[in-house]
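Counting begins at 1 with the first residue of the sequence. Note that these values count all heavy atoms, side chains included, but never hydrogens, waters or copies made by symmetry.
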Amino acid sequence: MFVHSVYFWLKSDLTPDQRNQYVAGVRSLTTIPSVRNSFIGTPASTDRPVIDRSYSYCLILFFDDIAGHDNYQAHPIHDQFRKECGSFWDRVVIYDAVS
């Protein structure tokens, strides 16, 4: 299994329409055929020193293997998301893991 975890820090001055466009765009990524399971969320209300709640949204995608991930990266929906929504965030951090 290959897990792709993406954390987005959205710009603070996004309009409601831009935020909705971002949410629709990030949801579209879960429709890419090689995605086996997905989770989209915002920071939980937990508050301990080791928890980073500074991000706006997270996207966690599960693939069968690295080939599935690589197909996702090259998919036109992924390219469209970056093109249409890439200006909406100040920062993005990605953690990839395998089992």
Side-chain angles (χ1 to χ4, degrees):
M1 178 177 290
F2 189 100
V3 180
H4 181 66
S5 303
V6 187
Y7 294 82
F8 297 92
W9 283 258
L10 298 183
K11 292 181 177 178
S12 60
D13 62 350
L14 291 184
T15 67
D17 285 344
Q18 288 171 319
R19 187 172 286 268
N20 290 339
Q21 183 180 349
Y22 164 81
V23 170
V26 81
R27 284 184 180 150
S28 73
L29 297 173
T30 67
T31 69
I32 295 173
S34 62
V35 173
R36 295 297 170 240
N37 206 343
S38 63
F39 173 83
I40 299 168
T42 56
S45 62
T46 51
D47 191 16
R48 299 190 318 269
V50 297
I51 297 173
D52 180 355
R53 295 176 46 216
S54 66
Y55 63 94
S56 306
Y57 280 89
C58 72
L59 167 68
I60 303 173
L61 301 175
F62 298 83
F63 303 93
D64 291 335
D65 50 30
I66 195 166
H69 167 265
D70 293 349
N71 288 335
Y72 160 85
Q73 289 294 332
H75 197 280
I77 291 175
H78 187 257
D79 292 340
Q80 181 178 354
F81 171 71
R82 286 190 314 227
K83 180 180 175 186
E84 293 180 0
C85 299
S87 64
F88 296 158
W89 57 78
D90 287 322
R91 180 177 175 213
V92 63
V93 174
I94 299 171
Y95 299 98
D96 288 337
V98 296
S99 63

I need the [X] [atom1] to [Y] [atom2] distance, nearest 0.5 Å.
X	Y	atom1	atom2	result
Ile66	Met1	CD1	CE	14.5 Å
Thr42	Ile40	OG1	CD1	11.0 Å
Thr30	Tyr72	OG1	OH	9.5 Å
Tyr22	Arg27	OH	CZ	10.5 Å
Asp96	Ser5	CG	OG	7.5 Å

Show the nearest heavy-atom pair for residues [X] and [Y], with the distance to one decimal.
X	Y	value
Asn71	Ser34	CB-OG, 4.2 Å
Gly25	Cys85	CA-SG, 4.4 Å
Pro43	Arg53	CG-O, 3.7 Å
Thr31	Ser28	OG1-O, 2.6 Å
His4	Phe63	CB-CE1, 3.8 Å
His78	Leu29	CA-CD2, 3.7 Å

Out of curiosity, does [Y] fall in the hydrophobic cluster containing [X] (side-chain heavy atoms, cut-off under 4.5 Å, transitive links)?
X	Y	answer
Phe8	Ile77	yes
Val35	Val98	yes
Ile94	Phe81	yes

Q: List in chain and number order the residues that pass side chain to side chain contact (heavy atoms under 4.5 Å, CB included) with Ser56, two or more places apart in sequence or in another chain; answer none if no residue qualifies.
A: Leu10
Q. Among all residues two or more places apart in sequence or in another chain, which pass the side chain to side chain donor-acceptor pair (under 3.5 Å) test with Asn37?
A. none
Q: Start with the C-alpha gap between Val93 and Trp9, add the side-chain angles, then the distance that decides, and say whether side-chain contact (heavy atoms from CB on, under 4.5 Å) holds.
A: CA-CA 9 Å; Val93 174; Trp9 283 258; 3.6 Å; yes
Q: For residues Gln18 and Ser87, determine if any side-chain heavy atom of one lies less than 4.5 Å from a side-chain heavy atom of the other.
A: no
Q. With Tyr55, which residues qualify under ring pair (Phe, Tyr, Trp, His ring centres under 6.0 Å), at least two apart?
A. Tyr7
Q. Going through the checks in order, is the side-chain contact (heavy atoms from CB on, under 4.5 Å) test met by Tyr57 and Trp89?
A. CA-CA 10 Å; Tyr57 280 89; Trp89 57 78; over 6 Å; no
Q: Apply the side-chain contact (heavy atoms from CB on, under 4.5 Å) test between Ser38 and each candidate in Ile32, Ile60, Val26, Leu61; give the one that qualifies.
A: Leu61
(Q) Let's go through Asp65 and Phe2 carefully: what are the C-alpha distance in whole Å and the side-chain angles of both, what is the deciding distance for side-chain contact (heavy atoms from CB on, under 4.5 Å) to 0.1 Å, and is it a yes or a no? (A) CA-CA 5 Å; Asp65 50 30; Phe2 189 100; 5.6 Å; no
Q. Looking just at side-chain N and O atoms, do Ser54 and Asp52 make a donor-acceptor pair shorter than 3.5 Å?
A. yes
